[in-house]
Amino acid sequence: MKINNECCCGCKTEKPDQIKDTCPVCNNEGISVSKVTVEHLVVDDYRNAVNGDQYKICMNEDCDVVYYNLDNEIKFLKDQVRVPIWFKKDADPKYACYCSEVTENQVIEAVVKHGAKSVKEVNAITGAMKNSNCKENNPLGVCCHKIIQEAIDKGLKMK
C-alpha cells in the first residue's frame, strides 16, 4: 500500500510502505525506495541499468551499497550515485535537505549560533525545504523533515 502525502515543505511524495529485504552485500535490512528516486540519483552511466520497480536502500552506514533490487540482482554503490548519502560513514557533504543543499552542519549552526529550536526556524535561517522535489532529490525519496529534526536534536545537545 502506498500513501500519497503532502509533507510540511509542500512536496507531494508517495511514502512507500516500510517493506524490508536484506542487502545482498551486508545482509542489513533495506527500506523501499521508488524507482523514480533511483533513476534520478544514479549517475548517467548507470541510468539504463535501472530495471524493475522493487528497489531498496541499504541503511548500513558501513556498506558501499546504496540501492538494490533483489528481483533483478541489481545494486548501485556509493560511487554510482550522484549525491553523498547522508547516513553513510564518509558522506561529504552530509546533507540534511537535498533539495536546497543544506547540510547537517548548517542546521546545527542554526541551532547553536542562532538559537533555532524547530524545523520551521531552521528552514527560515538556512533556506532548507524551499526547493522541494523530495521524490527525486532525497535518497529515501521522502521529505527531509525527519533528517532536519535529527540534526536539530544534535545541535541542542551541543548547547
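The residues of the chain are indexed from 1 along the displayed sequence.
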**Report entry** Closest non-hydrogen atom pair between Ile74 and Asn51, with its separation
**Finding:** CD1-O, 3.5 Å
Query raised in the report: Please walk me through it: do Val107 and Lys94 pass side-chain contact (heavy atoms from CB on, under 4.5 Å)?
Result: CA-CA 11 Å; Val107 173; Lys94 211 178 237 311; over 6 Å; no
Report task. Dump the intermediate steps for side-chain contact (heavy atoms from CB on, under 4.5 Å) on Cys23 and Tyr68, then the final yes or no. Result -> CA-CA 7 Å; Cys23 171; Tyr68 59 94; 3.9 Å; yes
Query raised in the report: Got a second to check how far Glu150's CD is from Trp86's CH2, nearest 0.5 Å?
Result: 8.0 Å
Requested in this report: Can you measure from NZ (Lys78) to CG (Asp90) and round to the nearest 0.5 angstrom?
Outcome: 3.5 Å
**Report entry** Hydrophobic cluster identity match, Val43 and Val38, side-chain contacts under 4.5 Å
**Finding:** yes
Query raised in the report: Cys63 versus Asn28: any side-chain heavy-atom pair under 4.5 Å?
Result: no
Query - Polar contact flag, side-chain donor to acceptor under 3.5 angstrom, Gln149-Asp153 - result: yes
Requested in this report: Nearest 0.5 Å please: distance from the NE2 atom of His114 over to the CD atom of Glu121.
Outcome: 12.5 Å
Requested in this report: Please round to the nearest 0.5 Å and tell me the distance separating atom CG of Asn137 and atom CG of Leu41.
Outcome: 7.0 Å
Query raised in the report: Atom NZ in Lys56, atom CD1 in Ile31: separation rounded to 0.5 Å?
Result: 10.5 Å
**Report entry** Heavy-atom side-chain proximity of Val50 to Lys35 below 4.5 angstrom
**Finding:** yes
